[in-house]
Amino acid sequence: FDTVNHKILLLVLTDLGITGTAWKWFESYLEDRHYQEATQLHFKARLLQLATGWSSSMAIRPLQLVQNAAANLIFNLPKFTHVTPLLRSLHWLPVFARIRFKTLMLAYKAKNGPAPPCLMAMVKSRALRASSTARLEPPFLRTHGRHACRLFSVLTPRWWNELPLSIRTAESLTVFKCRLKTHLFVMHLSISTGPLFGQCLSS
C-alpha cells in the first residue's frame, strides 16, 4: 500500500467486481486526504495532498480491518470471528507489528550494512561504545512534540533497545529476521508455548 495510487486502486476494485456501497466506502475514505510533512530538525509541518499510499495516522486501524477481513475470507468464516488464531495460522503479523518489523529490519541494515547513507547516518553513527550490548543511542531533540516522536531516528532506537540481546546481536540479517518475527509473534499473538515457540517463522 505504500505507493499505490488512489485512483488506480479504485479502478482495480471496480474491475474486481467491488461496486455499490463497498466501493463508495473506499472512495470516501481515499478522497481529499492530506498529510503533514515535518522536517527532521525543526518540525515545521506543511499540509500536502496524499494521492498514493497511506499516512501513518490514517492507515493502521483501517488496514487492520482489511487484514482481519482477508483472514476471515481465507478460512471462509463470519465477519466477527476472532482473528488472532487465524493470523497465527497464517503467520501474519498484525499491521502495527508489521510496521515495527519493517522498521527494525531497516535498523539492522543501517547498523550493520548494507543500507543507504541517510539511514546509516541516523542509526549507525549513534551506536553506543559498549558494543557488547548492541544498543542504539536515542537522538537529542531540541524540539519535542507529536511529530518528533514519529521520526525514524526517534522510534528506531527505542524499538531496537527494547529487543532481547539475542536479537540485537544476531550474526546475520537472515538470523535477525527469523528471531525478530518470532519475537513479535510472541508479543502480539500470545504465542508462548507450542511448536512455533523458539523457531523461525517464515515471512
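Excluded from the calculations below are hydrogen atoms, water molecules and symmetry mates; all remaining heavy atoms, backbone and side chain alike, are included.
Partners of Thr103 by side chain to side chain contact (heavy atoms under 4.5 Å, CB included), not counting sequence neighbours, listed by chain and number: Ile99, Phe152, Thr156, Trp159. Remark: Pro116 pairs with Cys118, Leu119 by the side chain to side chain contact (heavy atoms under 4.5 Å, CB included) rule, at least two apart or across chains. Taking the side chain to side chain contact (heavy atoms under 4.5 Å, CB included) definition, one finds that Ala97 meets it with Leu93, Pro94, His188, sequence neighbours left out. When the side chain to side chain donor-acceptor pair (under 3.5 Å) test is applied to Asn72, no partner is found at least two apart in sequence or on another chain. Taking Pro114 as the reference, nothing meets the side chain to side chain contact (heavy atoms under 4.5 Å, CB included) condition, with sequence neighbours excluded. In this structure, the ring-ring contact (aromatic ring centres under 6.0 Å, His included) partners of Trp160, at least two apart in sequence or on a different chain, are Phe176.
Between the side chain of Arg179 and the backbone N or O of Ser166, at least one donor-acceptor pair lies under 3.5 Å. Between the side chain of Lys181 and the backbone N or O of His91, at least one donor-acceptor pair lies under 3.5 Å.
Hydrophobic clustering keeps Leu65 apart from Val83 (ILVMFWY residues linked when any side-chain heavy atoms are closer than 4.5 Å, directly or through intermediates). Put simply, Val66 and Leu11 are part of two different groups of oily side chains (I, L, V, M, F, W, Y) that touch within less than 4.5 Å, one to the next.
Of all heavy-atom pairs between Gln64 and Val95, the closest is OE1-N, 2.8 Å. Smallest separation of non-hydrogen atoms from Arg88 and Leu189: NH2-O, 2.7 Å. Of all heavy-atom pairs spanning Phe101 and Lys177, the tightest one is CZ-CG, 3.7 Å. Of all the heavy atoms in His183 and Pro164, the pair that sits closest is CE1-CD, 3.6 Å. Closest heavy-atom contact between Leu163 and Ile167: CD1-CG2, 4.0 Å.
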For side chain to side chain contact (heavy atoms under 4.5 Å, CB included), just list the numbers for Met105 and Leu173, CA-CA rounded to whole Å, side-chain angles, deciding distance to a tenth of an Å, and then say yes or no. CA-CA 8 Å; Met105 287 291 291; Leu173 180 63; 3.7 Å; yes
Start with the C-alpha gap between Arg100 and Met187, add the side-chain angles, then the distance that decides, and say whether side chain to side chain contact (heavy atoms under 4.5 Å, CB included) holds. CA-CA 12 Å; Arg100 181 173 290 215; Met187 284 182 60; 4.3 Å; yes
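Rounding to the nearest 0.5 Å gives a distance of 11.0 Å between OG1 of Thr81 and CZ of Phe75. Between atom NZ of residue Lys111 and atom CG of residue Leu106 there is a gap of 15.0 Å, rounded to the nearest 0.5 Å.
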